[in-house]
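Side chains are part of it too, since the values below use all heavy atoms of this structure and drop only hydrogens, waters and symmetry mates. First listed ligand is number 1; within each ligand, the first listed atom is number 1.
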Amino acid sequence: MNDRSIMRIAERVECVLPSPPRAVFDLASTLDDVVDLTLGDPDLPPPENVRAAACRAIMEGKTRYSANAGLKELRRAIAADAEKNLGISVDPDSEVIVTVGAMEASFLSLYTLLQPGDEVVIHAPFWINYSQVVRSLGATPVFVYTKPEEDFQLTAEALEAVLTPKTHLVVLNSPNNPTGAIIPDGTLKKIAALAQERNFAVLSDEIYESLIYDGKTSKSIISFPGMKERSILINGMSKRFAMTGYRLGWAIAPAPVIAQMTKMQENIVACAPLPAQYAGIEALSDRTDPSFIREEFQHRRDVLYNGINAIPGLRCKPIPATFYAMVDISGSGLEAEDFVYRMLREVRVATVFGPAYGGECYKDFIRIAFTMKEARLKVAIERIADFMEKIRK
Ligand code: PLP
């Protein structure tokens, strides 16, 4: 008898595919001397005062459960941050929930909103979790494929073309993982009008909003008239303050939605870890200046962009935000999956193949996360150049 016949696994879990970035990451960790550019996990430490706040919370015994929605002080700080950055007013008591990373905020939002049979529009390439969770809940992901030749820009017209009466939710991710594309204000405005006309909700994942480079900014769809009522905004500490392992994120949504998410929170994790919540309060205070994180990634972005574009056969478009690059490998003559595994085995550089983020239309791309220090990034670029030279011979 195999394990399966002893203990039946639920279909909603079996239908979830193993994560390709994790598969490459796991293989990379069995090999020596790999430069790992797979996961979006910054190598920088959080600002010192934030680390100190976490330690202090532990030493002072602030290590018990909090309210399901999170510490009131933290929710107040999140609401104030949204007011300052997005120009919207948020009630910290009823419109905010603190979660275990933006990942849990995203899961909880989809879990709370979706019923079997609903359609959820997701623009591709996409962060893999959305489609996995949507499928697991018996809903149907419907993809809008953005094109490399259009700089992976989502258009309202392409989105409108896939709407049906079953469309319950549209997921927006701007700036986008894996492309770094930012949805322009004009497109957001059109999507906001469509949402109201066609009556769908929007889940806006803005976790990379703090990593927009070259002095540019972006707007949130939640700040357009009529959108706060039909949007869930997701953000968190991971990328803005380099706090991935603290596992702290949040959602801002209408009070009835937050009430349901908070009820479910009790049944999933009860609350986000308390020391992380105290660190979060410190992170959002005036005492913290995280600008060094954006500056560092902007510098690494330049190193990677210039390095990749100097390699014959590889091309990389400008990267306006995030710490990911979608690199066009069509000049190699290999398909992305083959490229990734050969490059890992032959020159020990780990990346992720493009189709992992939305299927065959991204077969000419690999994703590189430039979360390594400059020196290591330069080693990766040299090795990638060696690999390209070898396969082009
Ligand atoms: N949303 C997107 C688009 C991401 O890329 C990630 C992580 O890589 C997350 C959410 C999750 O972030 P967190 O660490 O806050 O759970």
> Could you see which bit of E104 sits under 4.0 Å from ligand 1, with heavy atoms only: side chain, backbone, both or neither?
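None of E104 does.
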
> Do the side chains of K190 and E160 get nearer than 4.5 Å, heavy atoms only?
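E160 does not reach K190 side chain to side chain.
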
> What protein heavy atom is closest to atom 1 (N) of ligand 1, reported as residue, atom name and distance in Å?
D205 OD2, 2.6 Å

> For ligand 1, which atoms have a heavy atom of Y130 less than 4.0 angstrom away?
3 (C)

> Between G101 and ligand 1, does any nitrogen or oxygen pair lie at a separation below 3.5 Å?
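No; the residue has no nitrogen or oxygen that sits under 3.5 Å from a nitrogen or oxygen of the ligand.
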
> What protein heavy atom lies closest to atom 9 (C) of ligand 1? Include the residue and the distance to one decimal.
W127 CZ2, 3.4 Å

> Just which atoms of ligand 1 are under 4.0 Å from any heavy atom in M103?
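Near M103, meaning under 4.0 Å from one of its heavy atoms, ligand 1 has 11 (C), 13 (P), 16 (O).
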
> Any salt bridge linking R376 with D43? Criterion: basic side-chain nitrogen under 4.0 Å from a carboxylate oxygen.
no

> Starting from atom 14 (O) of ligand 1, locate the nearest protein heavy atom and write down its residue, its atom name and how far away it is, to 0.1 Å.
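Looking only at protein heavy atoms, the one closest to atom 14 (O) of ligand 1 is S238 OG, 2.7 Å.
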
> For T244 and ligand 1, answer yes if some heavy atom of the residue is under 4.0 Å from a ligand atom, otherwise no.
no

> When you measure from atom 8 (O) of ligand 1 to every protein heavy atom, which one gives the shortest distance, and what is it?
K239 NZ, 2.9 Å

> Could you tell me if any non-hydrogen atom of F107 lies under 4.0 Å from any atom of ligand 1?
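F107: no contact with ligand 1 (<4.0 Å).
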
> Does a side-chain heavy-atom distance below 4.5 Å link K84 with L284?
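Result no, sub-4.5 Å side-chain heavy-atom pair not found.
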
> Are R383 and D33 ion-paired here, with the side-chain N under 4.0 Å from a carboxylate O?
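Here R383 pairs with D33 in a salt bridge, since their nearest N and O are under 4.0 Å apart.
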
> Do F126 and M326 land in one hydrophobic cluster if side-chain heavy atoms of ILVMFWY residues count as linked below 4.5 Å?
yes

> Could you tell me whether K228 and E95 make a salt bridge, using a distance below 4.0 angstrom between a side-chain N and a carboxylate O?
yes

> Hey, are Q260 and T112 close enough side-chain-wise for a donor-acceptor pair under 3.5 Å?
no

> Just to confirm my output: which protein heavy-atom neighbour is closest to atom 15 (O) of ligand 1, and how far is it?
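Of every protein heavy atom, A102 N, 2.7 Å lies nearest to atom 15 (O) of ligand 1.
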
> Would you call the rings of Y111 and F107 parallel, tilted or perpendicular if under 30° counts as parallel and over 60° as perpendicular?
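Answer is parallel, since the angle falls under 30°.
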
> Is it the case that one hydrophobic cluster holds both V303 and F370, taking links as side-chain heavy atoms less than 4.5 Å apart, direct or via other members?
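Linked within one cluster.
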
> I need the atoms of ligand 1 closer than 4.0 Å to a non-hydrogen atom of R247, numbered in the order shown.
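Atoms satisfying the 4.0 Å criterion: 13 (P), 14 (O), 16 (O).
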
> Please identify which atoms of ligand 1 are closer than 4.0 Å to at least one heavy atom of N173.
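Answer for ligand 1: 3 (C).
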
